[in-house]
Amino acid sequence: MATIRDVAKLADVSVSTVSLALSNPARVSPKTLEKIRQAIASVGFVADPLAQSLARGRSRMIGFVVGNVGNPFFGDIRRELENYALDHEHFVVVTDSSGKTARERAMVEHLIGLKTAGLALAPSGYDQEYLDFVASLNVPIVCFDQKVAGIERDFVGSDNYLAGAMLTEHLLQLGHRRIAFITGPSHMHTATERYRGFAETMANAGVEVNSNFVVDGQFTRTAGYEAAMRLLIQPERPTAILGANNTVALSALQAMQELGFRCPEDISLAMIDNVQWSSVITPRITMVVQDTLALGGIIARRLMHRITNPQGAVEPPQDFVLTPKFVPGNSCRRI
């Protein structure tokens with residue numbers, strides 16, 4: 001196996017010059033850098049990333065820590081982050097915490113041990129112990145999706161209150177008053193803000209929220225399906241269901257179809273967040289979507305700024321909150 005000494009000998013430079021070319025090519029003259037690159041290709045040298053990490057004090061690895069890698073929302077953001085990172089000679093390692101704080105912490109600690117350059121983190125915790133843990137991490141971090149009070153890091157997300165309010169107002173304009181809401185976990189920022197947008201819009205319209213119409217779907221398929229079933233078997237059913245995320249809304253559509261209800265003829269349906277192949281789902285669901293490409297781009301640029309720019313490393317944290325987009329479908333009818 002070729003070594004750095006073989007490269008140095010063939011390029012007729014010192015070992016330290018080859019090392020500098022590998023770790024910080026901008027500090028090597030273009031002529032010397034080209035000689036080293038040709039020597040590397042000739043001898044088949046492959047740099048040891050662990051050794052480089054030890055020399056620099058950090059690797060070129062970025063940790064992407066989320067609660068469900070199967071969610072298309074996270075997939076779109078990951079692709080944007082990965083593309084930007086690769087353009088800046090970094091690569092992304094994806095981890096899935098399944099929304100479990102202990103698992104997330106173990107993964108983050110492992111990434112830190114590998115000299116990770118920075119983290120894109122969708123937080124799963126919210127108590128003081130979790131806040132202390134995040135505060136103790138001595139690496140650049142950009143949090144996204146879940147805004148956790150007390151975490152002093154950059155945050156990138158969407159206006160979740162507005163997302164809930166937009167769909168509620170749409171259903172109200174169509175004449176609906178018996179509107180059900182399938183919520184997410186009560187400790188999650190996205191879930192509480194989307195419900196708050198729903199509840200306050202109902203109140204502003206003078207419509208009382210029926211407590212029997214607010215059911216917990218935990219942002220999961222199983223809980224969302226069970227929540228929808230509880231709504232559909234009530235003597236006085238809702239005329240519309242609003243799903244706090246794509247998973248619970250599609251579970252509600254499944255429950256409707258299994259019980260023989262037609263959408264939107266019998267019950268209207270709206271949801272927050274898009275899904276892959278949404279255009280071929282029948283009916284095409286009315287939704288509010290987040291601009292995942294824009295979110296991913298901001299996360300990537302902000303994190304690389306903090307990793308590569310000395311000034312960026314000490315800048316105070318900032319929040320970047322984007323406006324979601326209303327996308328009409330044919331799953332809601334006027335009554």
Side-chain angles (χ1 to χ4, degrees), residues 1-66 69 74-97 104-121 136-142 144 153-154 293 296-315:
M1 180 181 293
T3 68
I4 193 171
R5 294 183 183 278
D6 298 324
V7 175
K9 182 178 180 179
L10 185 59
D12 194 24
V13 298
S14 67
V15 171
S16 61
T17 300
V18 176
S19 178
L20 183 62
L22 293 171
S23 62
N24 195 348
R27 295 180 58 189
V28 179
S29 71
K31 182 178 179 180
T32 301
L33 190 61
E34 182 57 30
K35 286 171 58 179
I36 292 172
R37 284 174 173 166
Q38 290 179 3
I40 288 173
S42 296
V43 302
F45 173 73
V46 178
D48 182 346
L50 180 57
Q52 289 183 316
S53 300
L54 292 172
R56 285 194 304 264
R58 67 171 180 85
S59 70
R60 295 187 181 275
M61 179 171 63
I62 292 173
F64 184 73
V65 186
V66 298
V69 296
F74 292 128
D76 289 344
I77 290 176
R78 178 197 58 77
R79 280 190 293 274
E80 284 298 298
L81 173 61
E82 194 165 53
N83 289 337
Y84 192 87
L86 287 171
D87 288 342
H88 292 78
E89 299 182 331
H90 285 68
F91 63 95
V92 176
V93 175
V94 180
T95 63
D96 187 332
S97 70
E104 177 193 300
R105 179 168 181 163
M107 290 174 170
V108 168
E109 289 175 339
H110 184 70
L111 290 169
I112 298 299
L114 294 174
K115 304 292 185 182
T116 299
L119 296 174
L121 172 66
S136 72
L137 300 175
N138 191 28
V139 295
I141 298 176
V142 174
F144 67 100
R153 303 282 186 165
D154 288 335
L293 299 183
I298 295 172
I299 293 166
R301 290 190 296 274
R302 193 63 187 167
L303 189 54
M304 289 304 303
H305 174 66
R306 288 202 175 272
I307 290 172
T308 61
N309 188 326
Q311 181 180 352
V314 297
E315 289 178 1

Check this for me: N309, atom CG, are more than 12 non-hydrogen atoms of other residues, nucleotides or ligands nearer than 6.0 Å? yes

Atom CG of N138: over 12 foreign heavy atoms under 6.0 Å: no

Once rounded to the nearest 0.5 Å, what's the spacing between atom [atom1] of [X] and atom [atom2] of [Y]?
X	Y	atom1	atom2	answer
T95	H110	OG1	NE2	10.0 Å
I307	I62	CD1	CD1	4.0 Å
M61	L114	CE	CG	4.5 Å
H305	H88	NE2	NE2	12.0 Å
L303	R153	CG	CZ	10.5 Å

Contact summary for [X] and [Y], nearest pair of heavy atoms:
X	Y	answer
A120	I299	CB-CG2, 4.0 Å
L119	V108	CD1-CG1, 3.7 Å
A117	P140	O-CD, 3.2 Å
Y84	A300	CB-CB, 3.6 Å
T17	T32	CG2-CG2, 4.0 Å
A21	I36	CB-CD1, 3.7 Å

Between K9 and D6, is the side-chain contact (heavy atoms from CB on, under 4.5 Å) condition met? List the steps. CA-CA 5 Å; K9 182 178 180 179; D6 298 324; 5.8 Å; no

Step by step, would you call V139 with T116 a side-chain contact (heavy atoms from CB on, under 4.5 Å)? CA-CA 8 Å; V139 295; T116 299; 5.7 Å; no

For R5, the side chain to side chain contact (heavy atoms under 4.5 Å, CB included) test, sequence neighbours excluded, returns T3, V15

side-chain contact (heavy atoms from CB on, under 4.5 Å) for E104 and V65? Distances and angles first, verdict last. CA-CA 7 Å; E104 177 193 300; V65 186; 3.8 Å; yes

Under a 4.5 Å cut-off applied to non-hydrogen side-chain atoms, are V69 and F64 in contact? no

Could you check whether any side-chain N or O of K35 sits under 3.5 Å from a backbone N or O of A11, counting only pairs where one atom can act as donor and the other as acceptor? yes

Which residues share a salt bridge (Lys or Arg N to Asp or Glu O under 4.0 Å) with E82, sequence neighbours left out: R78

Counterpart residues, salt bridge (Lys or Arg N to Asp or Glu O under 4.0 Å), relative to R306 (two or more places apart): D154

Should the ring pair F74 and F144 be called parallel, tilted or perpendicular, given that the plane angle runs from 0 to 90° and is split at 30 and 60? perpendicular

Using side-chain contact (heavy atoms from CB on, under 4.5 Å), reason through V94 and D96 one step at a time and then give a plain yes or no. CA-CA 7 Å; V94 180; D96 187 332; over 6 Å; no

